[in-house]
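Just below is one structure, and these are the notes that go with it.
Everything quoted here is computed from the prediction, not taken from an experiment. Values below: every heavy atom of this structure, side chains too, minus hydrogens, waters and symmetry copies.
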There are 2 protein chains.
Amino acid sequence: MENYIAVSIFESLSSGVRLDIFRLLIKKGFDGMVAGEIATSLNIPPTNLSFHLKALTQNRLLTVEQEGRFQRYRANIQLMSDLIAYLSEECCNGHPEHCLET
Amino acid sequence: MENYIAVSIFESLSSGVRLDIFRLLIKKGFDGMVAGEIATSLNIPPTNLSFHLKALTQNRLLTVEQEGRFQRYRANIQLMSDLIAYLSEECCNGHPEHCLET
DNA sequence: TCATTATTTCAATAATTGTTGAATAGTTGT
DNA sequence: ACAACTATTCAACAATTATTGAAATAATGA
């Protein structure tokens, strides 16, 4: 993974609101959630939620699919997996023993 | 790991400058580097470097130790290890198969 | 002690990011 | 076509974060 991609992921998750959105969608798995459900669930005003969903989607943390008049959002689990691999390399540089865990 | 800790780590690494600093110090391992070496190595003005070192240190990504008139900084590898564990849980929530990798 | 070196703090400013209500665009069911 | 519904964009503003040079702090060595 390129460093600038990693930075964009860190930016995406560097807000408590966005981390909450992402964690919620991870829990929902392939079902995902439509925007209104997320807004209700996390009690975020629609305009503000849109702002954060856009940021997350642009940085590929989320995917979005139109479903009638709804927009269904899903977490990009693969990207998280790639991030973990990136961090493991960074973290283990010269110290592999620290990263062999559960 | 508490969510607010994870957010603080993401904030710390959400700047290209700070990610460069952290990656550089990870490479150096226990030796670490004194502030001036980091400034020279990454070509960052001292005041600006201080600003970012302070942010990283406050969020526990780095440790700092005085050494004569130098300040020696080291990466907190254990925290990265904890972050990887946190992400693995978040990422694998209901989808463990995605996170079993190298 | 005094000049030198290393780093941080301060103050000013620039740049970016977050929040909100109103307006807009697209979709559905009647 | 029209009313109701979902979500986004827009514009204004608030809040936070980043950058810089000058000054301050602290340690060293002559």
- Message: Quick check: on DNA chain C, is the nucleotide nearest A:Ser15 upstream (toward 5') of the one nearest B:Val64, or the reverse? Name the residue that is more 5'.
- Response: B:Val64
- Item | Candidates C:dT19, D:dT9, C:dT8 - which lies nearest the side chain of A:Ser50 | D:dT9
- Message: For a quick test of reading the model: is some side-chain N or O of B:His52 closer than 4.0 Å to OP1 or OP2 of D:dT17?
- Response: no
- Task: Find the distance A:Ile21:CD1 to D:dA7:P and express it as a whole number of Å.
- Result: 13 Å
- Out of D:dT19, C:dT28, C:dG18, which has the shortest distance to the side chain of A:Phe51? C:dG18
- Take the protein atom CG of A:Leu49 and the nucleotide atom P of C:dG21, then report the distance between them rounded to whole Å. 14 Å
- Task: Could you tell me the separation between the CD1 atom of A:Ile44 and the P atom of D:dA7, rounded to a whole number of Å?
- Result: 13 Å
- Item | A:Ala35 side chain, from C-beta outward: closest of D:dT20, D:dA7, C:dT7 | D:dA7
- Item | From D:dC10, C:dT7, C:dG26, nucleotide with atom closest to A:Thr47 side chain | D:dC10
- Task: Test side chain to side chain contact (heavy atoms under 4.5 Å, CB included) on B:Glu65 and B:Arg74 and set out the steps.
- Result: CA-CA 9 Å; B:Glu65 185 186 8; B:Arg74 295 184 179 90; 2.9 Å; yes
- Expressed in angstrom and rounded to an integer, what is the separation of A:Glu65 atom CD from D:dA7 atom C1'? 16 Å
- Message: Side-chain N or O of A:Gln66 versus OP1/OP2 of C:dT27: is the shortest distance under 4.0 Å?
- Response: yes
- Message: Without decimals, in angstroms, what is the distance between A:Glu11 CD and C:dA15 P?
- Response: 18 Å
- Select base, sugar-phosphate, or nothing to describe what B:Val34 touches, counting heavy atoms under 4.0 Å on all strands. sugar-phosphate
- CZ of A:Arg60: more than 12 outside heavy atoms within 6.0 angstrom? no
- Query: The side chain of A:Arg69 lies closest to which of these nucleotides: D:dT8, C:dG29, C:dT20?
  - Reply: C:dG29
- Mind checking A:Pro46 for me? I need base, sugar-phosphate or nothing, with any heavy atom below 4.0 Å counting as a touch. base
- Query: Does D:dA18 have OP1 or OP2 sitting under 4.0 Å from an N or O in the side chain of B:Arg18?
  - Reply: yes
- Find the distance between CG (B:Leu62) and CD1 (B:Ile21) and round it off to the nearest 0.5 Å. 7.5 Å
- Message: Counting only heavy atoms not in A:Glu67 (residues, nucleotides, ligands), do more than 12 fall under 6.0 Å from its CD?
- Response: yes
- Query: Whole Å only: how far is the CD atom of A:Glu67 from the C1' atom of C:dG26?
  - Reply: 15 Å
- Selection from D:dT8, C:dT8, D:dT20 that lies nearest to any side-chain heavy atom of B:Tyr73: C:dT8
- Item | Whole-Å distance separating the NZ atom of B:Lys54 from the P atom of C:dC10 | 7 Å
- Message: Taking side-chain contact (heavy atoms from CB on, under 4.5 Å) as the criterion, tell me which of A:Leu24, A:Leu49, A:Leu53, A:Val34 meets it with A:Tyr73.
- Response: A:Leu53
- Query: How many Å lie between CG on B:Leu56 and C1' on D:dT17, as a whole number?
  - Reply: 14 Å
